[in-house]
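Everything numeric here is computed off the predicted structure, so don't read it as measured data. Atoms within a ligand are numbered from 1 in the order they appear, just like the ligands themselves. Numbers here are sequence positions counted from 1.
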Amino acid sequence: MRKPLSLAAASLLLALTAAHAEHPAGADLHLSTQVRSLLQQEMREVARGTQTLAIALASADWKTLHDTAAMIRSSYILNKQLSAAQKHELEHALPAGFKQLDAEFHARAEKLAHAAEARDHELAAFHYSRLLEGCAACHSNHAKARFPGFASFAPPAHGH
Ligand code: HEC
């Protein structure tokens with residue numbers, strides 16, 4: 001079994017709070033053109049996968065749901081074929097809050113893959129919706145220039 005849900009939810013909350021505290025107004029990433037384009041490529045794959053997941057979920061296509069969630073789980077920009085310099089750049093350019101949101105995101109994809117394995121539709125739908133929240137949490141904190149719709153979006157769960 002995976003970590004109890006309350007623990008996962010608590011750590012997501014922590015990650016969100018940490019990201020917010022560290023970058024009160026959100027902090028877009030400053031990446032070189034090359035690394036940025038790798039990240040965008042990664043994101044487009046994730047976005048395609050997310051659409052596939054929705055349809056698999058709607059049609060109880062457990063195999064597609066599992067395989068796609070597992071693909072998202074392991075598609076991780078830091079695991080890409082990066083040069084040593086690019087790895088170094090990423091390690092330093094990515095704020096801690098970003099890394100936490102990213103880790104949560106991949107953990108969520110893994111939970112979704114497990115729910116698909118268990119053929120538990122309600123649980124899979126739950127993890128899918130939390131996965132989408134993960135996209136928005138990261139974009140609203142770290143990609144406001146790319147997604148200006150988040151300009152006035154304040155992540156929930158933070159104190160002043
Ligand atoms: C941990 C952070 C993080 C998570 C989680 C995340 N993204 Fe992103 N995403 C980014 C950042 C940062 C950019 C902006 C990259 C840039 O253009 O500088 C981005 C850009 C994108 C883009 C635009 C790519 C392009 O070609 O310009 C799409 C589409 C996208 N994300 C989809 C998703 C979807 C769908 C999810 C969730 C299933 C998701 N992302 C989860 C950080 C994240």
Side-chain angles (χ1 to χ4, degrees), residues 2-3 8-58 61 64-80 82 85-116 123-158:
R2 314 303 313 159
K3 271 187 286 178
S11 50
L12 176 65
L13 206 69
L14 257 174
L16 282 169
T17 314
H20 195 73
E22 202 184 339
H23 306 284
D28 279 15
L29 307 176
H30 300 288
L31 301 171
S32 67
T33 314
Q34 269 177 324
V35 171
R36 181 163 184 231
S37 111
L38 276 174
L39 177 63
Q40 289 170 337
Q41 186 191 318
E42 168 94 6
M43 281 294 141
R44 288 192 293 270
E45 277 166 30
V46 165
R48 264 195 303 277
T50 305
Q51 291 170 315
T52 303
L53 287 176
I55 295 159
L57 195 54
D61 180 350
T64 302
L65 193 65
H66 172 272
D67 292 354
T68 309
M71 180 276 281
I72 290 177
R73 156 72 188 88
S74 56
S75 81
Y76 186 40
I77 185 165
L78 285 172
N79 290 342
K80 287 232 174 230
L82 300 171
Q86 287 172 330
K87 274 200 174 123
H88 185 82
E89 177 193 336
L90 265 182
E91 277 298 332
H92 286 79
L94 299 182
F98 180 95
K99 289 180 193 168
Q100 265 172 308
L101 287 171
D102 199 43
E104 281 294 332
F105 177 71
H106 287 88
R108 184 64 62 190
E110 189 174 347
K111 290 191 177 86
L112 178 53
H114 283 294
L123 189 63
F126 171 77
H127 287 312
Y128 181 67
S129 76
R130 299 304 302 270
L131 192 78
L132 295 182
E133 284 175 17
C135 319
C138 192
H139 293 161
S140 63
N141 271 296
H142 302 291
K144 276 200 172 107
R146 178 64 179 78
F147 300 113
F150 282 121
S152 57
F153 176 90
H158 69 89

As an exercise, identify every atom of ligand 1 less than 4.0 angstrom from a heavy atom of [X].
| X | value |
| --- | --- |
| R146 | 23 (C), 25 (C), 27 (O) |
| C138 | 1 (C), 2 (C), 3 (C), 4 (C), 5 (C), 42 (C), 43 (C) |
| L29 | 12 (C) |
| R36 | 16 (C), 17 (O), 18 (O) |
| G134 | 5 (C) |
| A143 | 11 (C), 12 (C), 13 (C), 14 (C) |
| H142 | 12 (C) |
| R44 | 25 (C), 26 (O) |

Nearest protein heavy-atom contact for [atom]: which residue, which atom, what distance?
| atom | answer |
| --- | --- |
| atom 17 (O) of ligand 1 | Q40 NE2, 2.8 Å |
| atom 29 (C) of ligand 1 | A47 CB, 3.9 Å |
| atom 22 (C) of ligand 1 | F147 CZ, 3.5 Å |
| atom 38 (C) of ligand 1 | C135 SG, 2.6 Å |

(message) Can you confirm whether L39 sits close enough to L29 that some side-chain heavy atom of one is under 4.5 Å from a side-chain heavy atom of the other?
(response)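 They are in contact (side-chain heavy atoms under 4.5 Å apart), so the answer is yes.
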(request) Taking the side chain as every heavy atom from C-beta outward, state whether H142 and P95 have any atom pair closer than 4.5 Å. (result)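 Heavy-atom side-chain distance check passes, below 4.5 Å.
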(message) I need the Y128 OH to L131 CG distance, nearest 0.5 Å.
(response)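 Taking OH in Y128 and CG in L131, the distance rounds to 7.5 Å.
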(request) Kindly say whether F126 contributes a backbone atom to a donor-acceptor pair with the side chain of S129 at under 3.5 angstrom? (result)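 Answer holds: yes.
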(message) With nothing but distance in play, are any N or O atoms of T50 less than 3.5 Å from an N or O of ligand 1?
(response)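 For ligand 1, there is no N or O atom that lies under 3.5 Å from one belonging to T50.
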(message) I'd like to check whether D102 has a polar contact with ligand 1, where a contact means an N/O of the residue lying under 3.5 Å from an N/O of the ligand.
(response)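 Such a contact does not occur with ligand 1.
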(request) Before accepting this row, confirm whether a basic side-chain N of the pair E104/K111 lies closer than 4.0 Å to the acidic partner's carboxylate O. (result)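 Salt bridge absent between E104 and K111.
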(request) Before accepting this row, confirm whether a basic side-chain N of the pair E133/R130 lies closer than 4.0 Å to the acidic partner's carboxylate O. (result)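 Salt bridge flag = yes for R130 with E133.
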(request) Indicate the atoms forming the closest heavy-atom contact of T68 with T64, along with that distance. (result)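 Here T68 and T64 meet closest at OG1-O, 2.7 Å.
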(request) Could you tell me which non-hydrogen atom of A69 sits nearest to which non-hydrogen atom of A109, and how far apart they are? (result)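 Residues A69 and A109, closest heavy atoms: CB-O, 3.6 Å.
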(request) Can you label the angle between the H92 ring and the H88 ring as parallel, tilted or perpendicular, going by 30° and 60°? (result)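 Ring orientation, 0 to 90° scale: tilted.
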(message) Classify the ring geometry of F150 against H139: parallel below 30°, tilted from 30° to 60°, perpendicular beyond 60°.
(response)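 Geometry flag for H139 against F150: tilted rings.
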(request) Rounded to the nearest 10 degrees, what's the angle SD of M43 makes with NE2 of H139 at atom 8 (Fe) of ligand 1? Could you check? (result)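 Value, to the nearest 10 degrees: 170°.
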